[in-house]
There are 2 protein chains.
Amino acid sequence: MSITLRPVQALRLWQNVALAEINDQRPDLTMRQAAILLTIYLDPPPHTVRGLAARLNVTKPVITRALDTMGAMKLVSRHRDQRDKRNVLVRRTVEGALFVERFGDAIVEKARGLPL
Amino acid sequence: MSITLRPVQALRLWQNVALAEINDQRPDLTMRQAAILLTIYLDPPPHTVRGLAARLNVTKPVITRALDTMGAMKLVSRHRDQRDKRNVLVRRTVEGALFVERFGDAIVEKARGLPL
DNA sequence: ATTGAATGATACGGGACCGAAACGACCATT
DNA sequence: AATGGTCGTTTCGGTCCCGTATCATTCAAT
């Protein structure tokens, strides 16, 4: 068994989530920022700039800038790797975990309300 | 009965769709643009700038600019309302319909591949 | 110690978006 | 015809993002 969605339901779901996100106070993340954030919170650590860039298939400055922005939002934090000081380890934060959790709940809620 | 998703599944779904969108050639839409496009294709016409602005709870320039961008991408088209020439009617395009259809299919596909 | 590779950050020019305000075209009422 | 309201667009100043190229730091191998 797997999650079954019809295309029109999928689109309606995306629309409803997008509408909800837009109307929240929080400045909305770009698609790339969202992908980075979710990767940090869903994929197993450690997460480095280079690793994230490879995972998303984007350049490193994209990751650096996204971490700047989301770091200012307190959604992620950066730490130098003490074993190899070239590396930066990206870590989760309490605020970030809460944000991701709320986001997941919002999607679930919109999915529940979908017409069949 | 309704669509049932667990939060972690919802997040994984969003991540996978975002990752797929980023790696497609197509320049990705902002959250607002996506909401506008989906509203045009899912909600019943006619669609006006003012109506879309009210639906999304954003200002009119946001709609105008999004229509500029997505019009250049051929995802939507604009037409003056001949009955009231102040209005602009936003219409679907073949390319836009195809884009939305593909997007829906992509979400469905990612949902199907979700671990339980 | 020196060299070369690897990592992440930064500089630069260009483009897109935002909110607020002003604008032109159009309609409806008088 | 004049007036006030409605609709969509444009302008303004500012911020953020992008891709490319370059930079400083650190590591590893000589």
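What you see below is based on every heavy atom in this structure, not just the backbone, and it leaves out hydrogens, waters and symmetry mates. All chains are named by letter (A, B, ...) in the order of the sequence lines, taking the proteins before the strands, and each is independently numbered beginning at 1.
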Detail all sub-3.5 Å separations between protein N/O atoms and N/O atoms belonging to nucleotides 8-10 of chain C.
unit_1 : atom_1 : unit_2  : atom_2 : d
C/dG8  : OP1    : A/Val49 : N      : 3.3
C/dG8  : OP2    : A/Arg50 : N      : 2.7
C/dG8  : N7     : A/Lys60 : NZ     : 2.5
C/dA9  : OP1    : A/Arg78 : NH1    : 3.0
C/dA9  : OP2    : A/Thr64 : OG1    : 2.8
C/dA9  : OP2    : A/Arg78 : NH1    : 3.4

Report summary line: Here the distance between atom C1' of D/dC17 and atom CG of B/Asp28, to the nearest Å, is 11 Å

Query raised in the report: Within this structure, what is the CZ-to-P distance between A/Arg32 and C/dA16, rounded to whole angstrom?
Result: 14 Å

**Report entry** Position toward the 5' end of DNA chain D (nearest nucleotide), A/Thr30 or A/Lys85
**Finding:** A/Thr30

Requested in this report: Identify which nucleotide among C/dC18, D/dG19, D/dC17 has an atom closest to any side-chain atom of A/Gln33, counting heavy atoms from C-beta outward.
Outcome: D/dC17

Report summary line: Output for pair (B/Leu56 CG, A/Gln15 CD), nearest 0.5 Å, gives 8.5 Å

Report summary line: Taken to the nearest whole Å, CG/B/Asp84 to P/C/dT29 is 12 Å

Query raised in the report: Do A/Arg83 and A/Asp81 meet the salt-bridge criterion of a basic N to acidic O distance under 4.0 Å?
Result: no

Report summary line: salt bridge (charged side-chain N to carboxylate O under 4.0 Å, His left out) filter on B/Arg50, not counting sequence neighbours, yields none

Query raised in the report: Looking at A/Asp68 and A/Arg78, does any basic side-chain N land under 4.0 Å from a carboxylate oxygen?
Result: yes

Report summary line: Rounded to whole Å, CG of A/Leu29 lies from P of D/dC17 at a distance of 10 Å

Report task. Could you tell me which residues satisfy salt bridge (charged side-chain N to carboxylate O under 4.0 Å, His left out) with B/Arg80, sequence neighbours excluded, listed by chain and number? Result -> none

Requested in this report: Can you tell me the distance, in whole Å, between the CE atom of A/Met31 and the C1' atom of D/dC16?
Outcome: 17 Å

Report summary line: Here the distance between atom P of D/dG19 and atom CG of A/Asn57, to the nearest Å, is 11 Å

**Report entry** Donor-acceptor under 3.5 Å (B/Tyr41 side chain, B/Ala97 main chain)
**Finding:** yes

Requested in this report: To the nearest Å, give me how far apart CD1 (B/Ile22) and P (D/dG19) are.
Outcome: 10 Å

Query raised in the report: Is the phosphate of C/dC17, meaning OP1 or OP2, less than 4.0 Å from a side-chain N or O of B/Thr69?
Result: yes

Query raised in the report: Starting at CE of B/Met73 and ending at C1' of C/dG15, how long is that distance when rounded to a whole Å?
Result: 12 Å

Query raised in the report: Is atom CZ of A/Arg102 surrounded by more than 12 heavy atoms (other residues, nucleotides or ligands) closer than 6.0 Å?
Result: no

